[in-house]
Amino acid sequence: MKELLQQRLAQALAAAQAAGEVSAVDCPLPGLERPRQAEHGDLATNLALTLAKPCRMNPRALAEIILRHLGDAGGILQKAELAGPGFINFFLKPTAWLAILPEILAQGDQFGRGTWGQGQKVMVEYVSANPTGPLHVGHGRGAALGDVLGRMLRFGGCEVLTEYYINDAGNQMATLGRSLLYRARELRGSTEPFPDNHYRGEYMKDLAAEFLALPEHVDILQQPWDQAVATASAWAGAKILRGIQDDLAAFGVVIDSYYSERSLLERGAVEAAFDQLRQRGFLYEAEGALWFKATAFGDEKDRVVRRSNGELTYFASDIAYHLDKFQRGYNRLIDIWGADHHGYVPRLKAAVAGLDRPAEDLNMVLVQMVNLLRNGEPVAMSTRAGEFVTLAEVVEEVGADSARFLFLTRRYEAQLDFDLEVAKSKSMDNPVFYVQYAHTRVKSVLRKAEQEGVALPDPAGVELERLALEEEVDLARRLAEFPALAEAAARNLEPHRVTYYLHELAGAFHSYYNAHRVLVDEPALAAARLVLIQAVGQVLAGGLALLGVSAPEAM
RNA sequence: GCGCCUGUAGCUCAGGUGGAUAGAGCAACGGCCUUCUAAGCCGUGGGUCGGGGGUUCGAGUCCCUCCAGGCGCGCCA
């Protein structure tokens with residue numbers, strides 16, 4: 001609809017220029033937007049305002065000329081009028097909007113699917129928490145975001161792989177093994193104090209008990225220490241990772257690929273990446289360590305990649321990992337990180353540039369903190385003491401649908417207050433129920449129609465013009481916006497736009513539902529309204545599916 | 001000290017890439033169920049868009065500066 005009008009406008013402008021009434025200046029596709037005020041029509045353009053200066057013309061006079069060449073734009077316009085300093089307001093024929101309804105029903109859950117992403121191979125990496133403990137709420141926000149971005153980009157036509165990078169190679173794995181053994185010793189009666197800088201969460205005690213109970217570990221504490229640590233860390237790492245996968249699954253998140261840092265190192269990927277950097281002159285030795293020349297690409301200082309004790313830094317394997325992603329054929333990398341890692345961004349971008357890849361192909365999404373509340377009061381969370389509210393606990397308490405939706409009601413750049421009591425409440429405080437409820441109401445009416453023996457109409461045979469109410473045309477207009485909204489939300493990596501859209505659509509439907517009956521006595525009108533609400537239900541379900549939230553038949 | 005994010009109604013937040021008279025939910029107050037689910041709807045009140053400059057026909061939106069809050073600034077991960 002919008003596209004059609006844009007074309008007609010461009011044609012009208014071209015015609016005016018050809019007639020010599022307007023000087024020929026370059027003009028991009030004319031901008032069309034929906035005015036805030038209904039009196040300003042369905043769509044409006046500021047074309048004449050933007051062109052006035054380069055054409056050295058009065059904007060209103062310019063608009064008059066364009067209007068004359070536009071005519072009725074191929075029959076979709078009821079009227080077009082000049083307004084204010086030079087806006088052109090378009091009033092579409094109601095039937096122009098209603099035409100979307102049969103289309104929605106025909107396309108079903110494919111309605112809104114885009115093609116803009118075709119040819120893009122995107123990797124979305126998210127969560128990637130160290131397998132040293134369970135996921136907490138903050139991870140949940142990143143998980144919801146990554147999962148939904150993956151869904152939205154696929155919906156737009158991109159080829160997407162989601163991946164979890166397992167940091168299973170660094171010092172923290174040995175620390176994990178030792179932590180497990182210390183707890184195991186306590187279980188065997190040791191009274192030595194638990195050392196600092198180890199994982200002291202309660203979950204380690206449970207793991208230690210489970211670990212000791214296995215027959216193959218009966219004499220683990222009698223084994224040489226290094227050997228025992230290796231056994232313990234491998235066992236605990238694998239165990240914790242399985243737990244993380246279970247927690248994610250309960251949250252509705254299934255990640256395509258789990259990629260091991262250790263496997264990367266064993267393949268010699270780091271040395272290969274170093275070779276590439278070295279060839280380009282971005283590696284050098286100093287003070288006994290190996291450095292990457294990050295300052296060549298705008299970072300504030302150069303960064304160590306191999307320490308003077310010979311160990312690789314975390315950064316080194318990250319360079320290799322990102323090179324590996326490109327080598328696997330992905331041309332757009334999206335990394336979702338906690339905002340507390342933002343200081344790390346310039347050096348990784350620098351590394352990508354140093355590997356001769358465009359730094360803008362790497363998108364860092366920095367998710368801000370989650371403040372967990374209960375009835376408005378902060379819930380204490382101390383990672384240091386190893387005590388935090390886990391994602392699993394939150395999902396258990398409030399449900400995956402509610403948690404996901406609420407995590408996606410904010411821009412990721414903004415901190416999020418997550419109140420457990422609100423998330424749990426089945427009331428109007430909780431936006432997810434508001435949207436789901438609208439969907440169940442649609443389904444409820446359809447069930448009622450079936451009960452009353454009213455056959456669902458064939459959309460092709462329905463007299464859509466019977467939908468003459470302002471609310472009905474408004475609903476159709478909102479539905480018609482969904483494809484563009486899904487595209488904009490995906491392109492800008494902004495899932496919250498979908499949540500807001502759904503909330504508004506649900507609101508418009510609730511109002512309509514309360515004010516008007518669908519199953520009226522007059523068959524032609526009832527049929528038209530059934531088509532309308534089916535389309536509403538379809539878009540609600542489609543939008544919720546993008547968010548990974550269920551669209552229940554009944555509540 | 002430097003860097004990133006944030007500042008919009010009492011509270012929590014939206015404001016598709018500069019557009020016309022700034023929006024929603026919650027909270028407050030008043031109404032609506034013998035009719036398709038009241039987890040809903042209708043109505044009322046509520047604002048120096050943190051402050052100050054600038055850019056232009058036009059700024060919540062772009063630039064500069066100041067203020068306030070959050071988070072970071074290791075040869076840690």
Side-chain angles (χ1 to χ4, degrees), chain A residues 31 33-37 39-40 44-46 49-50 52-53 59 83-87 89 130 132 167 170-173 175 197 286-291 300-301 303-315 318 338-346 366 368-369 371 376 409-417 419 422 425-434 436-438 440-449 451-452 454 481 484-485 487-489 491-492 494 496-497 499-501 503-504 506-507 509-520 526 529-530 533 554-555:
Chain A
E33 50 184 46
R34 187 153 67 85
R36 274 201 263 258
Q37 268 76 35
E39 313 89 77
H40 296 146
T45 183
N46 59 355
L49 283 165
T50 55
K53 187 169 246 183
F87 293 104
N89 295 336
N130 292 348
T132 54
N167 293 117
N171 291 329
Q172 79 276 2
M173 291 312 288
T175 307
N197 301 323
E287 301 161 49
L290 186 63
W291 298 73
E300 56 186 12
K301 55 172 94 165
R303 306 292 177 175
V304 171
V305 290
R306 187 165 54 219
R307 289 182 269 167
S308 48
N309 67 6
E311 284 179 27
L312 293 171
T313 60
Y314 186 84
F315 181 43
D318 250 1
D340 52 343
H341 290 84
H342 73 258
Y344 201 77
V345 172
L366 298 170
Q368 290 288 336
M369 289 180 47
N371 299 313
T409 52
R410 298 277 176 278
R411 289 150 51 237
Y412 57 78
E413 300 99 317
Q415 294 187 20
L416 171 71
D417 289 338
D419 194 307
V422 169
S425 69
K426 300 185 182 224
S427 76
M428 35 196 169
D429 294 348
N430 192 341
V432 68
F433 289 108
Y434 186 81
Q436 288 179 320
Y437 186 49
T440 65
R441 274 183 150 175
V442 168
K443 293 296 178 181
S444 169
V445 177
L446 297 180
R447 277 194 299 273
K448 183 76 178 177
Q451 279 168 23
E452 294 184 356
V454 180
E481 282 171 1
L485 175 102
E487 175 174 341
R491 279 183 184 274
N492 296 300
E494 293 174 337
H496 74 277
R497 285 202 202 172
T499 61
Y500 276 87
Y501 169 82
H503 196 266
E504 285 166 11
F509 174 73
H510 282 310
S511 296
Y512 175 66
Y513 177 93
N514 271 276
H516 307 284
R517 234 184 124 70
V518 173
L519 300 174
V520 290
R529 287 184 173 175
L530 278 170
I533 68 159
M555 290 169 74

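Because the structure is predicted, anything quoted here is derived from the model rather than measured. Residue numbers start from 1 in every chain, and the chains themselves are labelled A, B, ... in the order their sequence lines are given, proteins ahead of strands.
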Between [atom2] of [N] and [atom1] of [X], the distance in whole Å:
{"X": "A:Gln436", "N": "B:G40", "atom1": "CD", "atom2": "C1'", "result": "15 Å"}
{"X": "A:Lys443", "N": "B:A39", "atom1": "NZ", "atom2": "C1'", "result": "19 Å"}
{"X": "A:Tyr412", "N": "B:G70", "atom1": "OH", "atom2": "C1'", "result": "18 Å"}
{"X": "A:Leu416", "N": "B:G69", "atom1": "CG", "atom2": "C1'", "result": "17 Å"}
{"X": "A:Phe87", "N": "B:A20", "atom1": "CZ", "atom2": "P", "result": "7 Å"}

Margin query: Under 3.5 Å for both pairing distances: what stems, at least three Watson-Crick or G-U pairs long, include RNA chain B?
Written below: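 Stem segments, range with range: B:1-7 with B:67-73, B:10-13 with B:23-26, B:28-32 with B:40-44, B:50-54 with B:62-66.
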Check: protein-nucleotides 57-61 of chain B nitrogen or oxygen pairs below 3.5 Å:
| residue | atom | partner | partner atom | Å |
| --- | --- | --- | --- | --- |
| B:C57 | OP1 | A:Lys53 | NZ | 2.9 |

Pairwise [atom1] distance, [M] and [N] [rounded to whole Å]:
{"N": "B:U17", "M": "B:C63", "atom1": "P", "result": "14 Å"}
{"N": "B:C49", "M": "B:G7", "atom1": "P", "result": "14 Å"}
{"N": "B:U56", "M": "B:G69", "atom1": "P", "result": "35 Å"}
{"N": "B:U44", "M": "B:C26", "atom1": "P", "result": "16 Å"}

Of the options [options], whose atoms approach the side-chain atoms of [X] most closely?
{"X": "A:Asn89", "options": "B:C75, B:U12, B:A20", "result": "B:A20"}
{"X": "A:Tyr500", "options": "B:C13, B:C73, B:C36", "result": "B:C13"}
{"X": "A:Asn514", "options": "B:G40, B:G16, B:C36", "result": "B:G40"}
{"X": "A:Val304", "options": "B:C71, B:C75, B:A39", "result": "B:C75"}
{"X": "A:Met369", "options": "B:A77, B:C71, B:G15", "result": "B:C71"}

Item checked: Those residues that, when tested against A:Arg517, pass salt bridge (charged side-chain N to carboxylate O under 4.0 Å, His left out) (two or more places apart) ->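 Not a single residue meets the salt bridge (charged side-chain N to carboxylate O under 4.0 Å, His left out) criterion with A:Arg517.
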Note to self: What I'd like to find out is whether the side chain of A:Asn167 reaches to under 4.5 Å of the side chain of A:Tyr314, using heavy atoms alone.
What the structure shows: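 The answer is yes, as the side chains (C-beta and beyond) meet within the 4.5 Å cut-off.
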Margin query: Between A:Tyr500 and A:His503, is there a side-chain heavy-atom distance shorter than 4.5 Å?
Written below: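 Not touching, per the 4.5 Å side-chain cut-off.
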Item checked: Residue met sooner reading RNA chain B from 5', once A:Arg517 and A:Asn171 are mapped to nucleotides ->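 Looking at RNA chain B, the more 5' nearest nucleotide goes with A:Arg517.
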Check: Is any side-chain N or O of A:Ser308 under 3.5 Å from a base N or O of B:C75, one able to act as donor and the other as acceptor?
Finding: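 Answer yes: a donor N or O sits under 3.5 Å from an acceptor.
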Check: Do A:Asp419 and B:U12 have a side chain to base donor-acceptor pair shorter than 3.5 Å?
Finding: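 It does not, because no donor-acceptor pair links the side chain of A:Asp419 to the base of B:U12 below 3.5 Å.
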Item checked: Touch class at under 4.0 angstrom, heavy-atom based, for A:Glu481 against every strand present ->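 A:Glu481: no heavy atom of the nucleic acid under 4.0 Å.
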Next item on the list: Could you tell me whether A:Ala438 contacts a base, only the sugar-phosphate backbone, or nothing, with contacts defined as non-hydrogen atoms closer than 4.0 Å?
Entry: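 Touches nothing.
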Next item on the list: Would you say whether A:His40 stacks on B:A20? The test is a distance between ring centres of less than 5.5 Å and an angle between planes of less than 30°.
Entry: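 Stacking between A:His40 and B:A20: present.
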Provide a list of protein-nucleic acid N or O atom pairs under 3.5 angstrom, restricted to nucleotides 4-11 of chain B.
| residue | atom | partner | partner atom | Å |
| --- | --- | --- | --- | --- |
| B:C5 | O2' | A:Gln368 | NE2 | 3.4 |
| B:C5 | O2' | A:Glu413 | O | 2.5 |
| B:U6 | OP1 | A:Arg411 | NH2 | 3.1 |

Collect all protein-nucleotide pairs involving nucleotides 42-47 of chain B in which both atoms are nitrogen or oxygen and the distance is under 3.5 Å.
| residue | atom | partner | partner atom | Å |
| --- | --- | --- | --- | --- |
| B:C42 | OP1 | A:Ser511 | OG | 2.7 |

Notebook entry, point to check: Looking at the angle O4'-C1'-N9-C4 for a purine or O4'-C1'-N1-C2 for a pyrimidine, is B:G16 syn or anti, with syn meaning within 90° of 0?
Noted result: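 Classified syn.
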Checklist line | N-glycosidic conformation, B:C33 - syn within 90 degrees of 0, else anti | finding: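 Syn conformation for B:C33.
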Margin query: Checking A:Arg34 now: which residues fulfil side chain to side chain donor-acceptor pair (under 3.5 Å) with it, not counting sequence neighbours?
Written below: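 Scan of A:Arg34 (side chain to side chain donor-acceptor pair (under 3.5 Å), adjacent residues dropped) gives A:Glu481.
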